[in-house]
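Following: one structure in structure tokens, then a few remarks.
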Amino acid sequence: MSRVTTLRRLAAHEGRWMVSLGWWVARRRIGVAPGERALGYAGAQAALVYGLTFACVVETVGLGVLLAGKAVVHEVMLFVDVYTVLTVLGLQAAAVTRPHVLGAEALRLRDGARREIRIPLERIASVRYDLRFTKERDKNGDVAELAVGGQTSVTVELSEPVVAVRLLGQRETLRTVRFHADEARAAVAAVRAAMAARGGTPEGDAVPNGDAVPDGDAVPEAGGAAVRQG
């Protein structure tokens, strides 16, 4: 990938989280149409983000006092500190205003302003509550983890392998997608209900005699579905 393309992608990402700040103040969400269900995930990182924001504000005030007699340096550091505070808040704003979205046709999984994974409901083989702490990323892996606070809580097994595009354009073939939802069990139930409404029963939700399979039971890894950059 060329340096120009990389810079363009980074600039687009900056623009998205800046826009998210405005939508956050307005208490509105991006890309959630009437009739679609928003599945929030920002709650797990809220305490960390607000704590970091407070620390940045304290640092800004402290440096302002220390550099009061050095106008140029003071202005430069003030700009850097204010931009840092906005960046941290933009992380939370992007997560709040860009929730996961469950529609009648597809499940759209988001990672703040970084990317979006669109999975048609008919391509979901199974979905289950599955609390995990994220692992070091495997370069040869086929699993996408959209973690919040270092954890995921829902695992979606797909019926076909897919090629996913990351923030800087890297492509990866996926067979499983794991993500976090603040109300994970409710999210799983909502996805299963949407699949049932389309006439499909996700693998692992029922067995031939009609007995439900517990959410924690392991199921074989399947394939993947269409993934696109957010």
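Remember, it's a predicted structure, so these values are computed and weren't measured experimentally. Both backbone and side-chain heavy atoms feed into the values below; hydrogens, waters and symmetry mates do not.
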[Y] side chain reached by [X] side chain, heavy atoms, under 4.5 Å:
{"X": "Glu36", "Y": "Arg108", "result": "yes"}
{"X": "Phe179", "Y": "Val156", "result": "yes"}
{"X": "His13", "Y": "Arg114", "result": "yes"}
{"X": "Thr84", "Y": "Thr60", "result": "no"}
{"X": "Arg9", "Y": "Leu7", "result": "no"}

Go through the side-chain N and O atoms of [X] and [Y] and say whether any donor and acceptor fall under 3.5 Å apart.
{"X": "Arg98", "Y": "Ser20", "value": "yes"}
{"X": "His180", "Y": "Ser153", "value": "yes"}
{"X": "Thr176", "Y": "Glu157", "value": "yes"}

Decide, yes or no, whether a salt bridge links Glu105 with Arg198 under the criterion of side-chain N to carboxylate O below 4.0 Å. yes

Going by an N to O cut-off under 4.0 Å, is there a salt bridge joining Glu145 and Arg166? no

When rounded to the nearest 0.5 angstrom, what is the spacing between CG in Leu78 and OH in Tyr83? 15.0 Å

Are Met195 and Leu39 in one and the same hydrophobic cluster, where Ile, Leu, Val, Met, Phe, Trp and Tyr link if side-chain heavy atoms are under 4.5 Å apart? yes

Nearest heavy atoms of Arg110 and Val32, plus distance in Å: NH1-CG2, 4.5 Å

Closest contact, heavy atoms only, Cys56 versus Val85: CB-CG2, 3.7 Å

With a 6.0 Å cut-off (strictly less than), is the heavy-atom count around CZ of Phe54, excluding the residue itself, greater than 12? no

